[in-house]
A.B. asks: 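The structure is given below, and queries will be raised subsequently.
Small disclaimer: the values here were computed from a predicted structure and weren't measured. In each ligand, atom 1 is the first atom listed, and ligand 1 is the first ligand listed.
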Amino acid sequence: MTDKRFHLAWFMNFTPDEWRAPFGQGGYPWDGQFYVEMAQTLERACFDFLMIEDKLMVPETFGSDRKYSLANGMMAPKHDPAPLAVAMGMATSKIGVVATMSTLAYPPFMLARLSSTIDSLTKGRFGWNVVTSAEDLAAQNFGMDKLPPREQRYEMADEYIDVVNKLFDSWDADAVVLDRENGVYADSSKVRTIDHEGKYYKVRGPLNTVPSPQHRPVYVQAGASPRGRDFAAQHADAIVSVANGVEGMKAFRDDIRARASALGRDPDEIKVFFCITPTLGETEEDAQAKYVRETTSDHFCNDVLASISAITEIDFSQYDLDQPLPEKLETNGESGTLDKFQQWGSGKTLRELAAAQGGGLVSSLELIGTPASVADKMGEAMAEVGGDGFLITTPVLRVGRRYLVEIADGLVPELQRRGLVRTEYTHQLLRDNLTDF
Ligand SMILES: Cc1cc2nc3c(=O)[nH]c(=O)nc-3n(C[C@H](O)[C@H](O)[C@H](O)COP(=O)(O)O)c2cc1C
């Protein structure tokens with residue numbers, strides 16, 4: 001019998017929860033407890049991992065001011081994902097935790113050391129979402145006036161990954177001998193410098209952490225441009241994407257697999273996850289009504305536009321909500337997300353674009369219905385695409401306990417009954433769970 005299972009992961013960030021909504025958590029999640037409980041809930045549902053988004057600035061593109069972002073708790077405040085990953089990882093035992101860290105911000109030695117430490121603390125369940133940053137506002141927090149162009153960011157990131165890989169390899173797996181009799185903790189002949197001197201980085205090494213359970217963290221990536229896709233196909237264990245419908249999903253996955261093969265990698269080593277934002281109800285009508293209610297409010301529309309403004313550095317407040325965009329827009333930032341959002345040529349108004357597919361930003365498919373009907377649709381879509389998993393989230397990444405429970409205790413059991421997702425973890429390491437099927 002062929003294994004028709006696919007993987008599940010969750011996309012979130014360390015920002016205020018759904019604080020305005022009637023069933024929110026309260027808007028002050030900074031002690032991390034709400035998110036720790038979220039990790040436990042998703043572990044109950046056997047998710048492969050949860051992934052913590054990150055940006056390194058307070059957005060101020062929407063309305064040319066940071067007022068909207070701060071007044072609405074929209075992408076700011078945003079706390080650091082690495083300590084949260086530790087807290088989540090240490091309060092769970094099976095689920096993977098993936099933190100976003102930018103190659104623009106961390107010196108490679110610091111990133112390798114931090115990742116290795118977290119991988120040991122979580123007993124081999126850590127992943128790194130490799131991003132190059134996409135905003136001038138972020139670059140300005142790191143001594144630059146402007147973001148380097150995309151080509152150069154990826155060229156730097158290629159060398160960066162090379163450096164961190166060398167650092168992880170600077171200790172042999174059996175370097176720690178713990179020989180009490182002879183008084184040897186680590187065998188110095190098995191630990192060496194890397195002496196890297198490249199175009200952008202100069203790092204001596206060795207790393208000063210012991211080899212972690214996974215040797216290196218799982219690499220997650222979200223490249224969307226041709227250059228970004230090559231980067232992802234070359235380095236990533238998991239790729240996350242927002243695609244346009246089943247056809248777009250299939251085209252993206254086929255393209256990644258072709259690029260991986262061309263680069264000499266086995267495409268089956270790479271798992272592609274597609275973002276979705278299911279809306280679940282007791283009945284089909286109930287779910288439809290909820291979807292309309294949630295996606296047509298002014299708050300929703302503005303939050304979506306503020307998000308897309310922040311990540312593209314295009315001020316969407318300048319356009320009429322009830323007209324189509326006047327021209328095809330371009331960005332040096334998140335180009336894939338922009339293209340998906342603007343649906344150029346569709347004739348849709350900006351308000352319709354914001355609502356599309358449950359928050360045009362992050363959903364690859366429209367999934368509205370009962371847990372049973374959404375599970376069927378997910379199964380059918382995955383069968384057509386060929387793999388590998390879904391990354392569940394909410395339109396502007398705001399989450400409350402009720403939605404978590406709808407997914408973990410409503411949708412997932414339906415998927416499990418259909419044999420579409422795992423019912424138990426069979427491995428300790430995140431990488432092994434990812435490649436299990
Ligand atoms: C699901 C998903 C999650 C992403 N998470 C982040 C993130 O946390 N931080 C960030 O700076 N960029 C994030 N990105 C942006 C990507 O890293 C990448 O810059 C973007 O998809 C554009 O691709 P390109 O660089 O090839 O144009 C994410 C993209 C997607 C689709």
A.B. asks: Classify the contact between Arg229 and ligand 1 as side chain, backbone, both or neither, using a heavy-atom distance cut-off of under 4.0 Å.
C.D. replies: neither
A.B. asks: Hey, is Arg227 touching ligand 1 through its side chain, its backbone, both or neither, going by heavy atoms under 4.0 Å?
C.D. replies: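 Under 4.0 Å from ligand 1, Arg227 contributes no heavy atoms.
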A.B. asks: Can you name the one residue among Glu53, His79, Arg398, Lys55 that meets side chain to side chain donor-acceptor pair (under 3.5 Å) with Asn13?
C.D. replies: Glu53
A.B. asks: Would you say Arg153 has any N or O atom under 3.5 Å from an N or O of ligand 1, going by distance alone?
C.D. replies: no
A.B. asks: Starting from atom 9 (N) of ligand 1, what is the nearest protein heavy atom, named by residue and atom, and what distance separates them?
C.D. replies: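 Answer, as residue, atom name and distance: Asp54 O, 2.8 Å.
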A.B. asks: Considering distance alone, does some N or O of Ser335 sit under 3.5 Å from an N or O of ligand 1?
C.D. replies: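 Looking only at distances, the answer is yes, because the N/O contact criterion of under 3.5 Å is met.
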A.B. asks: Is there a ring-ring contact (aromatic ring centres under 6.0 Å, His included) between Trp19 and Phe34 once you walk through the steps?
C.D. replies: CA-CA 12 Å; Trp19 62 283; Phe34 169 65; over 10 Å; no
A.B. asks: Which pair of heavy atoms, one from Gly27 and one from Asp17, lies closest together, and at what distance?
C.D. replies: N-OD1, 2.8 Å
A.B. asks: Just to confirm my output: which protein heavy-atom neighbour is closest to atom 2 (C) of ligand 1, and how far is it?
C.D. replies: Val240 CG2, 3.9 Å
A.B. asks: Applying the ring-ring contact (aromatic ring centres under 6.0 Å, His included) test to Phe273, which of Phe49, Phe47, Phe252, Trp10 qualifies?
C.D. replies: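 Exactly one option meets the ring-ring contact (aromatic ring centres under 6.0 Å, His included) with Phe273, and it is Phe49.
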A.B. asks: Report yes or no: does Tyr154 have a heavy atom closer than 4.0 Å to ligand 1?
C.D. replies: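 Checking ligand 1 against Tyr154, which is what was asked, there is a heavy-atom contact under 4.0 Å.
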A.B. asks: What is the nearest protein non-hydrogen atom to atom 3 (C) of ligand 1, stated with its residue, atom name and distance?
C.D. replies: Phe11 CZ, 3.3 Å
A.B. asks: Show me, pair by pair, the donor-acceptor contacts under 3.5 angstrom made by side chains of residues 221-229, not counting sequence neighbours?
C.D. replies:
unit_1: Gln221; atom_1: OE1; unit_2: Gly223; atom_2: N; d: 2.6
unit_1: Gln221; atom_1: NE2; unit_2: Val130; atom_2: O; d: 3.0
unit_1: Ser225; atom_1: OG; unit_2: Gly228; atom_2: N; d: 3.0
unit_1: Arg227; atom_1: NH2; unit_2: Asp158; atom_2: OD2; d: 2.7
unit_1: Arg229; atom_1: NE; unit_2: Ala224; atom_2: O; d: 2.9
unit_1: Arg229; atom_1: NH1; unit_2: Asp255; atom_2: OD2; d: 2.8

A.B. asks: In the protein, which heavy atom is nearest to atom 17 (O) of ligand 1, and how far is it?
C.D. replies: Val131 CG1, 3.5 Å
A.B. asks: Under the side-chain contact (heavy atoms from CB on, under 4.5 Å) criterion, do Phe126 and Val218 qualify, and how do the steps go?
C.D. replies: CA-CA 7 Å; Phe126 186 59; Val218 159; over 6 Å; no
A.B. asks: Would you please name every residue forming a side chain to side chain donor-acceptor pair (under 3.5 Å) with Thr100, sequence neighbours left out?
C.D. replies: Asn129
A.B. asks: Does some non-hydrogen atom of Ala134 fall short of 4.0 Å from ligand 1?
C.D. replies: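 False for this residue.
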A.B. asks: Nearest protein heavy atom to atom 10 (C) of ligand 1, by residue and atom, and its distance?
C.D. replies: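 Here the closest protein heavy atom is Lys55 NZ, 3.2 Å.
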A.B. asks: Scan side-chain atoms only and decide if Arg150 and Asn332 contain a donor-acceptor pair under the 3.5 Å cut-off.
C.D. replies: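 Side chains of Arg150 and Asn332: no pair found under 3.5 Å.
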A.B. asks: Tell me yes or no: between the side chains of Ser93 and Arg125, is some donor less than 3.5 Å from an acceptor?
C.D. replies: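 Result is no, nothing qualifies.
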A.B. asks: Please indicate whether any nitrogen or oxygen in Gln221 is less than 3.5 Å from any nitrogen or oxygen in ligand 1.
C.D. replies: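 N/O-N/O distance below 3.5 Å does not exist for this pair.
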A.B. asks: Side chains of His7 and Asp48: is there a donor and an acceptor less than 3.5 Å apart?
C.D. replies: yes
A.B. asks: Please state whether Thr337 comes within less than 4.0 angstrom of ligand 1, counting heavy atoms only.
C.D. replies: no
A.B. asks: Around atom 22 (C) of ligand 1, find the nearest protein heavy atom and jot down its residue, atom name and distance.
C.D. replies: Glu334 CA, 3.8 Å
A.B. asks: Would you say Ser225 and ligand 1 have an N/O pair spaced under 3.5 Å apart?
C.D. replies: yes
A.B. asks: Backbone or side chain, does any N or O of Glu53 fall under 3.5 Å from an N or O of ligand 1?
C.D. replies: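 Such a contact does not occur with ligand 1.
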A.B. asks: Could you check which of Ala224, Ala222, Ala232, Ala243 puts a non-hydrogen atom nearest to atom 21 (O) of ligand 1?
C.D. replies: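 The option holding the nearest heavy atom is Ala222.
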A.B. asks: Using a distance-only test with no angle check, is there a side-chain donor-acceptor pair under 3.5 angstrom linking Tyr200 and Glu155?
C.D. replies: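 Indeed, the side chains of Tyr200 and Glu155 share at least one donor-acceptor pair under 3.5 Å.
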A.B. asks: Which is it for Asn129 and ligand 1 at heavy atoms under 4.0 Å: side chain, backbone, both or neither?
C.D. replies: side chain
